[in-house]
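Here the structure is a predicted model, which is why all the values come from computation and not from measurement. The figures that follow rest on heavy atoms only: side chains count, while hydrogens, waters and symmetry mates do not.
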Amino acid sequence: MAGPVSGVTAQAQPGATGGPGARAVLSLLATLFFMWGFITVINNTLLPHLRSVFVLDYTRTTLIESVWFIAYFVASIPSAKLIERIGYKRSIVTGLAVMAVGALMMVPAARLASFALVLTALFVIASGITLLQVAANPYVTVIGPPETGSSRLNLVQAFNSLGTTLAPLFAGYLILGRSSGGTAQGEVVLTAAERYADAQSVILPYIIVAVVLALLAVVIARFPLPTINASGRRASAADRRGLSLWKHRNLVWGVPAIFIYLIAEIGVANLFINFVSQPDIAAISQEQASRYLAILWGGMMVGRFFGSWLTHRFPADKVLAVFAVGAFVVMAVATFASGPVAMWALISVGLFHSIMFPTIFTLGIKGLGPLTEEGSGLLIMAIAGGALVVVQGWLADRYGLQLSFLLTMVCELYILFYALWGSRPTHALPTQSPAA
(Lines give C-alpha, C1' and ligand atoms only; values in the text may rest on other atoms or scores of the structure.)
Protein backbone atom coordinates (compact mmCIF):
# COMPACT_ATOMS: atom_id res chain seq x y z
CA MET A 1 0.00 0.00 0.00
CA ALA A 2 1.29 3.45 -0.88
CA GLY A 3 2.23 5.88 1.79
CA PRO A 4 -0.13 8.80 2.42
CA VAL A 5 -0.21 11.92 0.33
CA SER A 6 -0.34 14.60 2.96
CA GLY A 7 -3.85 15.69 3.66
CA VAL A 8 -5.52 15.06 0.32
CA THR A 9 -8.52 13.40 1.91
CA ALA A 10 -10.14 16.68 2.78
CA GLN A 11 -11.16 19.33 0.31
CA ALA A 12 -8.81 22.27 0.29
CA GLN A 13 -10.33 25.72 0.41
CA PRO A 14 -7.88 28.24 -0.98
CA GLY A 15 -8.76 31.72 -0.04
CA ALA A 16 -10.69 30.74 3.07
CA THR A 17 -8.09 32.33 5.32
CA GLY A 18 -7.09 35.24 3.15
CA GLY A 19 -4.70 33.29 0.90
CA PRO A 20 -4.85 33.05 -2.87
CA GLY A 21 -8.11 32.04 -4.53
CA ALA A 22 -8.78 28.69 -6.20
CA ARG A 23 -8.17 30.21 -9.65
CA ALA A 24 -4.67 31.39 -8.67
CA VAL A 25 -3.84 28.00 -7.16
CA LEU A 26 -5.06 26.16 -10.26
CA SER A 27 -3.03 28.51 -12.45
CA LEU A 28 0.11 27.68 -10.48
CA LEU A 29 -0.62 23.97 -10.67
CA ALA A 30 -1.29 24.29 -14.40
CA THR A 31 2.26 25.68 -14.75
CA LEU A 32 3.65 22.59 -13.05
CA PHE A 33 1.57 20.30 -15.27
CA PHE A 34 2.89 22.21 -18.30
CA MET A 35 6.52 21.80 -17.26
CA TRP A 36 6.46 18.09 -16.50
CA GLY A 37 4.54 17.44 -19.71
CA PHE A 38 7.09 19.45 -21.64
CA ILE A 39 10.06 17.62 -20.14
CA THR A 40 8.49 14.18 -20.45
CA VAL A 41 7.80 14.58 -24.17
CA ILE A 42 11.30 15.80 -24.93
CA ASN A 43 12.03 12.09 -24.48
CA ASN A 44 9.92 11.25 -27.54
CA THR A 45 12.35 13.32 -29.61
CA LEU A 46 15.37 12.20 -27.61
CA LEU A 47 14.75 8.48 -28.20
CA PRO A 48 15.23 8.40 -32.00
CA HIS A 49 18.21 10.72 -31.48
CA LEU A 50 19.84 8.36 -28.96
CA ARG A 51 18.96 5.40 -31.18
CA SER A 52 21.29 6.74 -33.88
CA VAL A 53 23.94 8.13 -31.49
CA PHE A 54 24.35 4.85 -29.57
CA VAL A 55 23.28 2.50 -32.42
CA LEU A 56 20.38 0.94 -30.47
CA ASP A 57 17.74 -1.56 -31.53
CA TYR A 58 14.07 -0.86 -30.67
CA THR A 59 14.26 -2.91 -27.47
CA ARG A 60 17.14 -0.87 -26.02
CA THR A 61 15.61 2.35 -27.35
CA THR A 62 12.37 1.76 -25.45
CA LEU A 63 14.42 0.66 -22.43
CA ILE A 64 15.35 4.34 -22.09
CA GLU A 65 11.70 5.20 -21.48
CA SER A 66 11.34 2.17 -19.20
CA VAL A 67 14.03 3.60 -16.92
CA TRP A 68 12.05 6.86 -16.86
CA PHE A 69 8.88 5.16 -15.68
CA ILE A 70 10.61 2.83 -13.25
CA ALA A 71 11.33 6.05 -11.36
CA TYR A 72 7.58 6.43 -10.75
CA PHE A 73 7.50 3.04 -9.05
CA VAL A 74 10.66 3.64 -7.03
CA ALA A 75 10.01 7.26 -6.04
CA SER A 76 6.24 7.25 -5.45
CA ILE A 77 6.17 6.06 -1.83
CA PRO A 78 9.20 8.15 -0.76
CA SER A 79 7.55 11.15 -2.44
CA ALA A 80 4.34 10.62 -0.46
CA LYS A 81 6.30 10.36 2.78
CA LEU A 82 8.27 13.50 1.94
CA ILE A 83 5.05 15.43 1.29
CA GLU A 84 3.71 14.26 4.65
CA ARG A 85 6.92 15.38 6.35
CA ILE A 86 7.61 18.79 4.77
CA GLY A 87 4.30 19.72 3.12
CA TYR A 88 3.19 20.45 -0.43
CA LYS A 89 5.03 23.68 -1.05
CA ARG A 90 8.50 22.52 -0.01
CA SER A 91 7.96 19.20 -1.77
CA ILE A 92 7.10 20.95 -5.04
CA VAL A 93 10.18 23.16 -4.77
CA THR A 94 12.27 20.07 -3.99
CA GLY A 95 10.83 18.24 -6.99
CA LEU A 96 11.69 21.13 -9.30
CA ALA A 97 15.22 21.28 -7.88
CA VAL A 98 15.70 17.53 -8.44
CA MET A 99 14.49 17.91 -12.03
CA ALA A 100 16.92 20.79 -12.62
CA VAL A 101 19.83 18.70 -11.30
CA GLY A 102 18.85 15.84 -13.61
CA ALA A 103 18.67 18.20 -16.59
CA LEU A 104 22.18 19.52 -15.83
CA MET A 105 23.45 15.92 -15.63
CA MET A 106 22.71 15.64 -19.35
CA VAL A 107 25.65 18.00 -19.99
CA PRO A 108 28.40 15.61 -18.80
CA ALA A 109 26.42 12.70 -20.28
CA ALA A 110 26.67 14.35 -23.69
CA ARG A 111 30.31 15.35 -23.24
CA LEU A 112 31.26 11.77 -22.37
CA ALA A 113 28.75 10.24 -24.82
CA SER A 114 27.80 7.92 -21.94
CA PHE A 115 24.60 5.89 -22.34
CA ALA A 116 24.66 4.90 -18.65
CA LEU A 117 24.90 8.54 -17.54
CA VAL A 118 22.04 9.49 -19.87
CA LEU A 119 19.86 6.84 -18.22
CA THR A 120 20.89 8.09 -14.76
CA ALA A 121 20.05 11.70 -15.65
CA LEU A 122 16.64 10.73 -17.00
CA PHE A 123 15.93 8.69 -13.85
CA VAL A 124 16.73 11.72 -11.68
CA ILE A 125 14.46 13.99 -13.75
CA ALA A 126 11.63 11.45 -13.59
CA SER A 127 12.02 11.13 -9.81
CA GLY A 128 11.46 14.88 -9.48
CA ILE A 129 8.40 14.68 -11.72
CA THR A 130 7.05 11.81 -9.58
CA LEU A 131 7.17 14.05 -6.52
CA LEU A 132 5.16 16.70 -8.38
CA GLN A 133 2.67 14.12 -9.67
CA VAL A 134 2.02 12.58 -6.25
CA ALA A 135 1.23 16.01 -4.85
CA ALA A 136 -0.60 17.77 -7.66
CA ASN A 137 -2.99 15.18 -9.14
CA PRO A 138 -4.95 14.39 -5.96
CA TYR A 139 -4.73 18.01 -4.79
CA VAL A 140 -6.46 19.26 -7.94
CA THR A 141 -9.12 16.60 -7.51
CA VAL A 142 -10.03 17.63 -3.95
CA ILE A 143 -9.59 21.40 -4.28
CA GLY A 144 -13.29 21.80 -5.09
CA PRO A 145 -16.57 19.87 -5.27
CA PRO A 146 -16.02 16.09 -5.75
CA GLU A 147 -18.54 15.89 -8.61
CA THR A 148 -16.42 18.23 -10.76
CA GLY A 149 -13.05 16.72 -9.83
CA SER A 150 -12.69 15.02 -13.22
CA SER A 151 -13.46 18.29 -14.98
CA ARG A 152 -10.78 20.18 -13.00
CA LEU A 153 -8.16 17.52 -13.54
CA ASN A 154 -8.89 17.39 -17.27
CA LEU A 155 -8.53 21.18 -17.36
CA VAL A 156 -5.08 21.32 -15.77
CA GLN A 157 -4.02 18.23 -17.70
CA ALA A 158 -4.82 20.25 -20.83
CA PHE A 159 -1.94 22.55 -19.86
CA ASN A 160 0.17 19.44 -19.43
CA SER A 161 -0.72 18.68 -23.05
CA LEU A 162 0.22 22.21 -24.06
CA GLY A 163 3.70 21.40 -22.80
CA THR A 164 3.70 18.09 -24.66
CA THR A 165 2.63 19.92 -27.83
CA LEU A 166 5.43 22.47 -27.71
CA ALA A 167 8.17 20.05 -26.60
CA PRO A 168 8.59 18.22 -29.95
CA LEU A 169 8.97 21.57 -31.74
CA PHE A 170 11.54 22.74 -29.19
CA ALA A 171 13.51 19.48 -29.18
CA GLY A 172 13.05 18.88 -32.90
CA TYR A 173 14.70 22.21 -33.68
CA LEU A 174 17.43 22.15 -31.02
CA ILE A 175 18.25 18.40 -31.03
CA LEU A 176 17.16 16.67 -34.25
CA GLY A 177 17.54 19.80 -36.38
CA ARG A 178 21.16 20.20 -35.27
CA SER A 179 22.22 16.56 -35.74
CA SER A 180 23.27 14.45 -38.71
CA GLY A 181 20.95 11.58 -37.75
CA GLY A 182 17.96 13.85 -37.22
CA THR A 183 18.18 15.60 -40.58
CA ALA A 184 18.86 12.47 -42.66
CA GLN A 185 16.14 10.76 -44.69
CA GLY A 186 15.31 7.39 -43.14
CA GLU A 187 17.73 5.19 -41.18
CA VAL A 188 21.41 6.09 -41.59
CA VAL A 189 24.66 4.69 -40.22
CA LEU A 190 26.77 7.49 -38.71
CA THR A 191 30.52 7.55 -38.29
CA ALA A 192 31.96 7.68 -34.77
CA ALA A 193 32.76 11.37 -35.23
CA GLU A 194 29.22 12.16 -36.39
CA ARG A 195 27.71 10.24 -33.48
CA TYR A 196 29.86 12.15 -30.98
CA ALA A 197 28.95 15.48 -32.60
CA ASP A 198 25.26 14.55 -32.50
CA ALA A 199 25.51 13.73 -28.80
CA GLN A 200 26.50 17.35 -28.09
CA SER A 201 23.21 18.69 -29.48
CA VAL A 202 21.33 17.85 -26.25
CA ILE A 203 23.45 20.21 -24.13
CA LEU A 204 21.79 23.55 -24.99
CA PRO A 205 18.14 22.42 -24.66
CA TYR A 206 18.74 20.77 -21.29
CA ILE A 207 20.59 23.82 -19.95
CA ILE A 208 17.59 25.93 -20.96
CA VAL A 209 15.25 23.47 -19.22
CA ALA A 210 17.38 23.52 -16.04
CA VAL A 211 17.32 27.33 -15.88
CA VAL A 212 13.54 27.48 -16.35
CA LEU A 213 13.00 24.85 -13.63
CA ALA A 214 15.21 26.78 -11.21
CA LEU A 215 13.31 30.02 -11.86
CA LEU A 216 9.97 28.24 -11.40
CA ALA A 217 11.19 26.79 -8.10
CA VAL A 218 12.00 30.30 -6.87
CA VAL A 219 8.56 31.59 -7.90
CA ILE A 220 6.75 28.74 -6.14
CA ALA A 221 8.91 29.09 -3.03
CA ARG A 222 7.55 32.65 -2.70
CA PHE A 223 3.93 31.69 -3.51
CA PRO A 224 1.52 31.29 -0.53
CA LEU A 225 0.24 27.82 -1.53
CA PRO A 226 -2.71 26.83 0.72
CA THR A 227 -2.26 23.82 2.99
CA ILE A 228 -4.66 21.43 4.68
CA ASN A 229 -4.46 21.72 8.41
CA ALA A 230 -2.96 19.05 10.65
CA SER A 231 -6.22 18.42 12.51
CA GLY A 232 -7.84 17.32 9.28
CA ARG A 233 -5.04 14.82 8.73
CA ARG A 234 -5.38 13.38 12.24
CA ALA A 235 -9.11 12.97 11.78
CA SER A 236 -8.56 11.19 8.49
CA ALA A 237 -6.10 8.78 10.08
CA ALA A 238 -8.67 7.87 12.71
CA ASP A 239 -11.39 7.39 10.11
CA ARG A 240 -9.21 4.98 8.12
CA ARG A 241 -9.19 2.34 10.84
CA GLY A 242 -11.02 -0.82 9.83
CA LEU A 243 -11.40 0.27 6.19
CA SER A 244 -9.96 -1.56 3.19
CA LEU A 245 -9.00 -0.27 -0.24
CA TRP A 246 -9.66 -3.67 -1.78
CA LYS A 247 -13.42 -3.35 -1.28
CA HIS A 248 -13.52 -0.52 -3.82
CA ARG A 249 -13.89 -2.02 -7.29
CA ASN A 250 -13.24 1.30 -9.02
CA LEU A 251 -9.79 1.49 -7.41
CA VAL A 252 -8.93 -2.21 -7.71
CA TRP A 253 -9.57 -2.12 -11.47
CA GLY A 254 -8.42 1.49 -11.78
CA VAL A 255 -4.80 0.81 -10.80
CA PRO A 256 -4.26 -1.62 -13.71
CA ALA A 257 -6.24 0.78 -15.94
CA ILE A 258 -3.67 3.53 -15.31
CA PHE A 259 -0.85 1.00 -15.73
CA ILE A 260 -2.20 -0.30 -19.04
CA TYR A 261 -3.14 3.15 -20.36
CA LEU A 262 0.45 4.33 -19.87
CA ILE A 263 1.70 1.41 -21.99
CA ALA A 264 -0.58 2.62 -24.80
CA GLU A 265 0.23 6.34 -24.54
CA ILE A 266 3.98 5.97 -24.15
CA GLY A 267 4.28 3.26 -26.79
CA VAL A 268 2.60 5.48 -29.40
CA ALA A 269 4.59 8.59 -28.49
CA ASN A 270 7.99 6.93 -28.28
CA LEU A 271 7.77 5.04 -31.56
CA PHE A 272 5.91 7.75 -33.46
CA ILE A 273 8.91 9.43 -35.09
CA ASN A 274 10.44 6.13 -36.19
CA PHE A 275 7.03 4.97 -37.49
CA VAL A 276 6.22 8.11 -39.48
CA SER A 277 9.69 8.38 -41.01
CA GLN A 278 9.42 4.89 -42.57
CA PRO A 279 9.39 4.78 -46.41
CA ASP A 280 5.95 3.15 -46.59
CA ILE A 281 4.34 5.64 -44.18
CA ALA A 282 5.50 9.24 -44.77
CA ALA A 283 9.14 8.85 -45.89
CA ILE A 284 10.30 11.99 -44.10
CA SER A 285 13.24 12.88 -41.85
CA GLN A 286 13.05 12.52 -38.07
CA GLU A 287 13.16 16.31 -37.70
CA GLN A 288 10.08 16.63 -39.96
CA ALA A 289 8.36 13.76 -38.12
CA SER A 290 8.80 15.62 -34.81
CA ARG A 291 6.49 18.35 -36.16
CA TYR A 292 3.75 15.78 -36.69
CA LEU A 293 4.36 14.49 -33.18
CA ALA A 294 3.53 18.01 -31.99
CA ILE A 295 0.17 17.66 -33.77
CA LEU A 296 -0.50 14.39 -31.90
CA TRP A 297 0.13 16.09 -28.54
CA GLY A 298 -1.85 19.11 -29.71
CA GLY A 299 -4.81 16.81 -30.29
CA MET A 300 -4.43 15.60 -26.73
CA MET A 301 -4.49 19.20 -25.49
CA VAL A 302 -7.65 19.99 -27.48
CA GLY A 303 -9.23 16.75 -26.26
CA ARG A 304 -8.57 17.64 -22.63
CA PHE A 305 -10.10 21.10 -22.91
CA PHE A 306 -13.09 19.54 -24.66
CA GLY A 307 -13.07 16.65 -22.18
CA SER A 308 -13.21 19.11 -19.27
CA TRP A 309 -16.44 20.45 -20.77
CA LEU A 310 -17.83 16.97 -21.51
CA THR A 311 -17.13 15.48 -18.09
CA HIS A 312 -18.70 18.52 -16.47
CA ARG A 313 -21.98 17.75 -18.29
CA PHE A 314 -22.00 13.99 -18.84
CA PRO A 315 -21.04 11.00 -16.66
CA ALA A 316 -17.27 10.59 -16.80
CA ASP A 317 -17.44 6.81 -17.28
CA LYS A 318 -19.65 7.18 -20.37
CA VAL A 319 -17.30 9.77 -21.89
CA LEU A 320 -14.34 7.47 -21.18
CA ALA A 321 -16.08 4.56 -22.95
CA VAL A 322 -16.69 6.62 -26.10
CA PHE A 323 -13.07 7.77 -26.21
CA ALA A 324 -11.81 4.20 -25.69
CA VAL A 325 -13.82 2.97 -28.69
CA GLY A 326 -12.45 5.83 -30.80
CA ALA A 327 -8.87 5.03 -29.76
CA PHE A 328 -9.31 1.35 -30.66
CA VAL A 329 -10.65 2.18 -34.11
CA VAL A 330 -7.87 4.61 -35.10
CA MET A 331 -5.18 2.27 -33.75
CA ALA A 332 -6.60 -0.51 -35.92
CA VAL A 333 -6.25 1.79 -38.94
CA ALA A 334 -2.68 2.74 -37.97
CA THR A 335 -1.78 -0.93 -37.55
CA PHE A 336 -3.13 -2.29 -40.82
CA ALA A 337 -3.13 0.70 -43.23
CA SER A 338 -0.13 2.41 -44.84
CA GLY A 339 0.94 5.82 -46.13
CA PRO A 340 -0.65 9.06 -44.91
CA VAL A 341 -3.79 7.20 -43.75
CA ALA A 342 -1.78 5.23 -41.18
CA MET A 343 0.15 8.34 -40.14
CA TRP A 344 -2.94 10.47 -39.53
CA ALA A 345 -4.69 7.62 -37.75
CA LEU A 346 -1.79 7.41 -35.32
CA ILE A 347 -1.81 11.18 -34.90
CA SER A 348 -5.54 11.17 -34.10
CA VAL A 349 -5.12 8.73 -31.21
CA GLY A 350 -3.84 11.69 -29.16
CA LEU A 351 -7.33 13.15 -29.25
CA PHE A 352 -8.85 9.94 -27.90
CA HIS A 353 -6.14 9.36 -25.30
CA SER A 354 -6.58 12.90 -24.00
CA ILE A 355 -9.07 12.35 -21.19
CA MET A 356 -8.02 8.85 -20.20
CA PHE A 357 -5.49 9.48 -17.43
CA PRO A 358 -7.36 12.26 -15.57
CA THR A 359 -10.72 10.52 -15.96
CA ILE A 360 -9.46 7.11 -14.81
CA PHE A 361 -7.74 8.82 -11.88
CA THR A 362 -10.87 10.60 -10.67
CA LEU A 363 -13.05 7.51 -11.21
CA GLY A 364 -10.46 5.46 -9.32
CA ILE A 365 -10.55 7.58 -6.14
CA LYS A 366 -14.31 8.18 -6.26
CA GLY A 367 -16.01 7.15 -3.02
CA LEU A 368 -12.77 6.38 -1.16
CA GLY A 369 -13.45 9.00 1.53
CA PRO A 370 -10.66 8.81 4.14
CA LEU A 371 -8.85 6.25 1.97
CA THR A 372 -8.33 8.78 -0.83
CA GLU A 373 -4.68 9.40 0.04
CA GLU A 374 -3.67 5.72 -0.15
CA GLY A 375 -5.72 5.24 -3.31
CA SER A 376 -4.08 8.24 -4.93
CA GLY A 377 -0.64 6.88 -4.11
CA LEU A 378 -1.45 3.53 -5.73
CA LEU A 379 -2.76 5.21 -8.87
CA ILE A 380 0.37 7.36 -9.18
CA MET A 381 2.55 4.28 -8.71
CA ALA A 382 0.67 2.69 -11.60
CA ILE A 383 2.20 5.30 -13.93
CA ALA A 384 5.17 2.90 -13.82
CA GLY A 385 3.23 0.97 -16.48
CA GLY A 386 5.02 3.17 -18.99
CA ALA A 387 8.13 1.11 -18.22
CA LEU A 388 6.57 -1.84 -20.06
CA VAL A 389 6.87 0.05 -23.33
CA VAL A 390 10.00 -2.09 -23.67
CA VAL A 391 7.60 -4.95 -24.50
CA GLN A 392 6.44 -3.01 -27.53
CA GLY A 393 10.05 -2.40 -28.48
CA TRP A 394 10.64 -6.16 -28.36
CA LEU A 395 7.54 -6.76 -30.49
CA ALA A 396 8.76 -4.15 -33.00
CA ASP A 397 12.13 -5.88 -33.30
CA ARG A 398 10.56 -9.30 -33.75
CA TYR A 399 7.38 -8.66 -35.76
CA GLY A 400 7.80 -5.17 -37.18
CA LEU A 401 7.14 -1.67 -35.89
CA GLN A 402 3.62 -1.39 -37.30
CA LEU A 403 2.34 -4.71 -35.96
CA SER A 404 3.66 -3.81 -32.50
CA PHE A 405 0.67 -1.45 -32.22
CA LEU A 406 -1.55 -4.52 -31.74
CA LEU A 407 -0.45 -4.22 -28.12
CA THR A 408 -1.92 -0.71 -28.03
CA MET A 409 -5.24 -2.00 -29.37
CA VAL A 410 -5.44 -4.54 -26.54
CA CYS A 411 -4.79 -1.74 -24.03
CA GLU A 412 -7.70 0.29 -25.46
CA LEU A 413 -10.03 -2.69 -24.91
CA TYR A 414 -9.11 -2.82 -21.22
CA ILE A 415 -9.88 0.89 -20.85
CA LEU A 416 -13.29 0.23 -22.42
CA PHE A 417 -13.89 -2.59 -19.92
CA TYR A 418 -12.98 -0.27 -17.04
CA ALA A 419 -15.30 2.47 -18.29
CA LEU A 420 -18.27 0.12 -18.69
CA TRP A 421 -17.90 -1.98 -15.55
CA GLY A 422 -14.67 -1.66 -13.56
CA SER A 423 -15.17 2.02 -12.68
CA ARG A 424 -18.47 1.51 -10.87
CA PRO A 425 -17.88 2.28 -7.17
CA THR A 426 -18.57 -0.33 -4.52
CA HIS A 427 -18.71 0.34 -0.77
CA ALA A 428 -18.52 4.08 -1.45
CA LEU A 429 -17.60 6.19 1.57
CA PRO A 430 -18.84 9.73 2.25
CA THR A 431 -16.63 12.63 1.22
CA GLN A 432 -15.02 14.36 4.18
CA SER A 433 -15.90 17.86 5.12
CA PRO A 434 -13.51 20.59 3.96
CA ALA A 435 -10.61 21.58 6.15
CA ALA A 436 -11.10 24.71 8.18
Exercise for review: For residues Phe33 and Trp36, establish whether the separation of their ring centroids is below 6.0 Å.
Suggested key: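 Yes - the distance between ring centres of Phe33 and Trp36 falls below the 6.0 Å cut-off.
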Might you confirm whether atom [atom1] of [X] has over 12 heavy atoms from other residues, nucleotides or ligands at distances under 6.0 Å?
X: Phe306; atom1: CZ; result: no
X: Tyr292; atom1: OH; result: no
X: Phe73; atom1: CZ; result: no

Review point. Would a distance-only check, ignoring hydrogens and angles, find a side-chain to backbone donor-acceptor pair under 3.5 Å from Ser76 to Leu378?
Key: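 Flag not set: sc Ser76 to bb Leu378 has no pair under 3.5 Å.
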Review point. Are any side-chain N or O atoms of Asn250 and backbone N or O atoms of Gly364, one a donor and one an acceptor, separated by less than 3.5 Å?
Key: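 Checking the backbone N and O of Gly364 against the side chain of Asn250, a donor-acceptor pair under 3.5 Å is found.
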Practice item. Evaluate the criterion side-chain contact (heavy atoms from CB on, under 4.5 Å) for residue pair Tyr399 and Leu406; output intermediate values, then yes/no. Key: CA-CA 11 Å; Tyr399 301 107; Leu406 286 170; over 6 Å; no
Review point. Under 30°, 30 to 60°, or over 60°: which ring-plane class applies to Tyr72 and Phe69, parallel, tilted or perpendicular?
Key: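 Tyr72 and Phe69: parallel rings.
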Exercise for review: Check the angle between the aromatic planes of Phe305 and Phe159 and answer parallel, tilted or perpendicular using the 30° and 60° thresholds.
Suggested key: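 Because their plane-to-plane angle is over 60°, the rings of Phe305 and Phe159 count as perpendicular.
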Check your understanding: Do you see a donor-acceptor pair shorter than 3.5 Å between the side chains of Thr59 and Asp397?
Key ->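 A pair is found: one side chain offers a donor N or O, the other an acceptor, under 3.5 Å apart.
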Point to revise | Residue pair Ser423, Leu320: steps toward the side-chain contact (heavy atoms from CB on, under 4.5 Å) verdict | key: CA-CA 10 Å; Ser423 63; Leu320 180 62; 5.8 Å; no
Report, one line per pair, each donor and acceptor closer than 3.5 Å where one atom sits in a side chain of residues 324-346; sequence neighbours left out.
residue : atom : partner : partner atom : Å
Thr335  : OG1  : Met331  : O            : 2.7

Review point. Rounded to the nearest 0.5 Å, how far does CG of Leu351 lie from CZ of Arg304?
Key: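 Reported value, rounded in 0.5 Å steps: 11.5 Å.
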Donor-acceptor pairs under 3.5 Å, side chain of residues 121-132 to any protein atom, not counting sequence neighbours: which ones?
residue : atom : partner : partner atom : Å
Ser127  : OG   : Phe123  : O            : 2.9
Thr130  : OG1  : Ala126  : O            : 2.8

Report all side-chain donor-acceptor pairs from residues 251-263 shorter than 3.5 Å, counting only partners two or more places apart or in another chain.
residue : atom : partner : partner atom : Å
Tyr261  : OH   : Glu265  : OE1          : 2.2
Tyr261  : OH   : His353  : O            : 3.2

